S.K.: 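My questions will all concern the structure given below.
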Amino acid sequence: MSTIAVVGAGPQLGLAIARTFGRKGFKVALISRDRDKLDRLVAELATEFVDAAAFPADVLDRDALTRAIEDAASHFGGIDVLEFSPVGTASDTTLTNPADTTPADVQHQIDLQLYGAMTATRAVLPAMRENGAGTLLYTTGAGSIDPVPQVGNVNAAAAALRNWVVNLHKELAGTGVQAAHVGIDVSIGVSVVPGFPTAKPEEISPVYWDLHATKRDQAELVFSG
């Protein structure tokens, strides 16, 4: 049975992705920094007969993230799909316009998004290469493609992650390992910007299954509702 590791697992998109893959027979490794929240997600998935387990780690702690993924691989017998979608909290996220952005404003987002993705990838990619199969999926807001001035620092880091993922997709061509970026051009659940479109997590999560199962030649999909 195959396993997906969801890095940055939470009660919205992360849970929806876990459900989507779990209903296809996947086991689920949930990784984020809050053990209590992870345990609640594991319990919820158990009521739906999805075999899930929690592996707490802060994405900003690269050693801890690597250990969590390695523990998940040991627990389930390997990781077949990596999904990476951590989101900072309001208390640790500063939003800046491009002209006001300092290197420090971008650095936290680079650490979270780009360096976190690199760390998670290095924990699973060698085994995927050896097996000649695997899927690597990375999530950002669509500001990584069409940036929004109000979140200039976040968009800069997201664009760096997107660039790296698309390049990784090219590097892995012909290896059996798929790498793809998902750009989300909606608010998930409730819109924080008047008039901006929204979507339910369960409307978005099938995109991830498609990239894994039927659209392995694509480096990117944008969900706009």
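Below, all heavy atoms of this structure are taken into account, side chains as well, without hydrogens, waters or symmetry copies. Predicted model, so just to flag it, every value in this text is computed and none were measured. Sequential numbering from 1 along the given sequence is applied to the chain's residues.
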S.K.: Using the side-chain hydrogen bond (donor to acceptor under 3.5 Å, both in side chains) rule, collect all pairs that involve residues 158-169, keeping only residues at least two apart or in two chains.
M.R.: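 Qualifying pairs, neighbours excluded: Arg162-Glu220, His169-Gln178.
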
S.K.: Can you confirm whether Gln109 sits close enough to Tyr115 that some side-chain heavy atom of one is under 4.5 Å from a side-chain heavy atom of the other?
M.R.: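 No; the side chains remain at least 4.5 Å from each other.
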
S.K.: When rounded to the nearest 0.5 angstrom, what distance separates OG1 in Thr119 from CD1 in Ile69?
M.R.: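 Here the rounded value is 8.0 Å.
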
S.K.: Which heavy atom of Ala179 sits nearest a heavy atom of Leu172, and at what distance?
M.R.: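 Heavy-atom minimum between the residues: CB-CD1, 4.1 Å.
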
S.K.: Quick check: closest heavy atoms across Ala52 and Phe76, and the distance to 0.1 Å?
M.R.: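 Where Ala52 meets Phe76 most closely, the heavy atoms are C-CZ, 4.2 Å.
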
S.K.: Can you list the residues that meet the salt bridge (Lys or Arg N to Asp or Glu O under 4.0 Å) rule with Asp100, with sequence neighbours excluded?
M.R.: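 Residues passing salt bridge (Lys or Arg N to Asp or Glu O under 4.0 Å) with Asp100: none at all.
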
S.K.: Residues two or more places apart in sequence or in another chain: which of them pass side-chain contact (heavy atoms from CB on, under 4.5 Å) with Ala73?
M.R.: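 Ala73 satisfies side-chain contact (heavy atoms from CB on, under 4.5 Å) with Ile79 only.
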
S.K.: Hey, could you give me the CG/CD distance between Leu112 and Gln107, rounded to the nearest 0.5 Å?
M.R.: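 One gets 11.5 Å once the value is rounded to the nearest 0.5 Å.
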
S.K.: Is the Phe21 ring parallel, tilted or perpendicular to the Phe26 ring (thresholds 30°, 60°)?
M.R.: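 The rings of Phe21 and Phe26 stand perpendicular, inter-plane angle above 60°.
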
S.K.: List the residues meeting side-chain contact (heavy atoms from CB on, under 4.5 Å) with Ala64, not counting sequence neighbours, and say none if there are none.
M.R.: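 Checked Ala64 against side-chain contact (heavy atoms from CB on, under 4.5 Å); matches are Ala57, Asp61, Arg67.
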
S.K.: Would you say the side chain of Ile184 lies within less than 4.5 Å of the side chain of Leu13, judging by non-hydrogen atoms?
M.R.: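 Yes, their side chains come closer than 4.5 Å.
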
S.K.: Are Val166 and Leu125 linked, directly or through other ILVMFWY residues, by side chains that come within less than 4.5 angstrom of each other?
M.R.: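 Unlinked, Val166 and Leu125 end up in two clusters.
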
S.K.: Taking only residues two or more places apart in sequence, or in another chain, which ones meet Glu130 in a side-chain contact (heavy atoms from CB on, under 4.5 Å)?
M.R.: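 Here no residue qualifies.
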
S.K.: Can you find a heavy atom in the side chain of Leu30 that is under 4.5 Å from one in the side chain of Val42?
M.R.: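 Side-chain contact under 4.5 Å: yes.
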
S.K.: To the nearest 0.5 Å, what is the distance between CD1 on Ile110 and CG on Leu161?
M.R.: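 The CG atom of Leu161 is 8.5 Å from CD1 of Ile110, to the nearest 0.5 Å.
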
S.K.: What are the two closest heavy atoms between Ala54 and Leu38, and how far apart are they?
M.R.: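 Looking at all heavy atoms of both residues, the shortest contact is CB-CB, 3.6 Å.
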
S.K.: Would you give me the side-chain donor-acceptor pairs under 3.5 Å for residues 199-210, sequence neighbours excluded?
M.R.:
{"from": "Glu203", "atom 1": "OE1", "to": "Lys200", "atom 2": "N", "distance (Å)": "2.7"}
{"from": "Ser205", "atom 1": "OG", "to": "Thr20", "atom 2": "OG1", "distance (Å)": "2.8"}
{"from": "Tyr208", "atom 1": "OH", "to": "Thr139", "atom 2": "OG1", "distance (Å)": "2.7"}

S.K.: What are the two closest heavy atoms between Gly78 and Thr3, and how far apart are they?
M.R.: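 Taking Gly78 first and Thr3 second, the nearest heavy atoms are O-CB, 3.4 Å.
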
S.K.: State which residues pass side chain to side chain donor-acceptor pair (under 3.5 Å) with Thr101; sequence neighbours excluded, sorted by chain then number.
M.R.: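 Expected list: Thr96.
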
S.K.: Contact between His181 and Thr140 at the side-chain level, heavy atoms closer than 4.5 Å - yes or no?
M.R.: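 Yes, their side chains come closer than 4.5 Å.
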
S.K.: Taking side chain as C-beta onward, heavy atoms only, is Leu45 less than 4.5 Å from Leu15?
M.R.: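 A side-chain contact exists here, since the closest heavy-atom pair is under 4.5 Å.
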
S.K.: To the nearest 0.5 Å, what is the distance between OG on Ser32 and NZ on Lys37?
M.R.: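 NZ of Lys37 is found 8.0 Å from OG of Ser32.
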
S.K.: For residues Ala68 and Pro56, report the shortest heavy-atom separation together with the two atoms involved.
M.R.: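 Closest pair (atom of Ala68, atom of Pro56, distance): CB-O, 4.2 Å.
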
S.K.: Quick one: pull up CD in Gln12 and CD1 in Ile17 and give me the separation to the nearest 0.5 Å.
M.R.: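 Reported to 0.5 Å precision, the distance equals 11.5 Å.
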
S.K.: Sequence neighbours excluded, which residues qualify as salt bridge (Lys or Arg N to Asp or Glu O under 4.0 Å) partners of Glu48?
M.R.: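 Salt bridge (Lys or Arg N to Asp or Glu O under 4.0 Å) check on Glu48 returns Arg19, Arg23.
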
S.K.: Working to the nearest 0.5 angstrom, can you tell me the gap between Met118 CE and Leu168 CG?
M.R.: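 Going from CE on Met118 over to CG on Leu168, the span is 9.5 Å.
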
S.K.: Between Leu137 and Phe84, does the side chain to side chain contact (heavy atoms under 4.5 Å, CB included) criterion hold? Intermediate values first, please.
M.R.: CA-CA 6 Å; Leu137 303 172; Phe84 184 85; over 6 Å; no

S.K.: Please list, chain by chain and in numerical order, all residues satisfying salt bridge (Lys or Arg N to Asp or Glu O under 4.0 Å) with Asp51, sequence neighbours excluded.
M.R.: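 By the salt bridge (Lys or Arg N to Asp or Glu O under 4.0 Å) rule, Asp51 matches no residue at all.
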
S.K.: For the side chain of Ser74 and the backbone of Glu70, is there at least one donor-acceptor N/O pair under 3.5 Å apart?
M.R.: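 Absent.
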
S.K.: So, His108 versus Thr94: side-chain donor-acceptor pair below 3.5 Å or not?
M.R.: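 No, Thr94 and His108 have no side-chain donor paired with an acceptor closer than 3.5 Å.
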
S.K.: Show, in sequence, the C-alpha distance, side-chain angles and deciding distance for Gln218 and Leu211, and conclude whether the side chain to side chain contact (heavy atoms under 4.5 Å, CB included) test is met.
M.R.: CA-CA 7 Å; Gln218 294 190 220; Leu211 283 167; 4.2 Å; yes

S.K.: Asn153 side chain to Asp105 main-chain N or O, any donor-acceptor pair under 3.5 Å?
M.R.: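 Side chain of Asn153 to backbone of Asp105, a donor-acceptor pair under 3.5 Å: yes, one is there.
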
S.K.: Answer yes or no: is there a side-chain heavy-atom contact under 4.5 Å between Ile31 and Val6?
M.R.: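 Sidechains of Val6 and Ile31: no contact.
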
S.K.: Ignoring hydrogens and angles, tell me if any N or O in the side chain of Asn131 forms a donor-acceptor pair with the backbone of Ala133 under 3.5 Å.
M.R.: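 No; zero donor-acceptor contacts below 3.5 Å.
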
S.K.: Kindly give the cluster partners of Val222, where membership spreads through any ILVMFWY side chain lying under 4.5 Å from a current member.
M.R.: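 Joined to Val222, directly or through intermediates: Ile145.
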
S.K.: Can you confirm whether Met128 sits close enough to Leu136 that some side-chain heavy atom of one is under 4.5 Å from a side-chain heavy atom of the other?
M.R.: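 Yes, at least one pair of side-chain atoms sits under 4.5 Å.
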
S.K.: Which other residues belong to the hydrophobic cluster containing Val154, where Ile, Leu, Val, Met, Phe, Trp and Tyr are joined when side-chain heavy atoms lie under 4.5 Å apart, directly or via other members?
M.R.: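 Leu95, Val148, Val151, which link up through side-chain heavy atoms under 4.5 Å apart, make up the rest of the cluster.
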
S.K.: Salt bridge check, Asp39 against Arg35: does any charged N sit closer than 4.0 Å to a carboxylate O?
M.R.: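 Salt bridge: yes.
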
S.K.: Does Asp36 offer a backbone N or O that forms a donor-acceptor pair with the side chain of Asp34 under 3.5 Å?
M.R.: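 Flag set: sc Asp34 to bb Asp36 pair under 3.5 Å.
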
S.K.: Applying side chain to side chain donor-acceptor pair (under 3.5 Å), can you list everything that pairs with Thr135, at least two apart in sequence or on another chain?
M.R.: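 By the side chain to side chain donor-acceptor pair (under 3.5 Å) rule, Thr135 matches His212, Arg216.
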
S.K.: Looking at every heavy atom in both Pro11 and Leu41, which two are closest together, and how far apart are they?
M.R.: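 It is CA-CD2, 3.8 Å.
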
S.K.: Would you call Thr121 and Tyr138 a side-chain contact if the rule is heavy atoms closer than 4.5 Å?
M.R.: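 Result yes, sub-4.5 Å side-chain heavy-atom pair found.
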
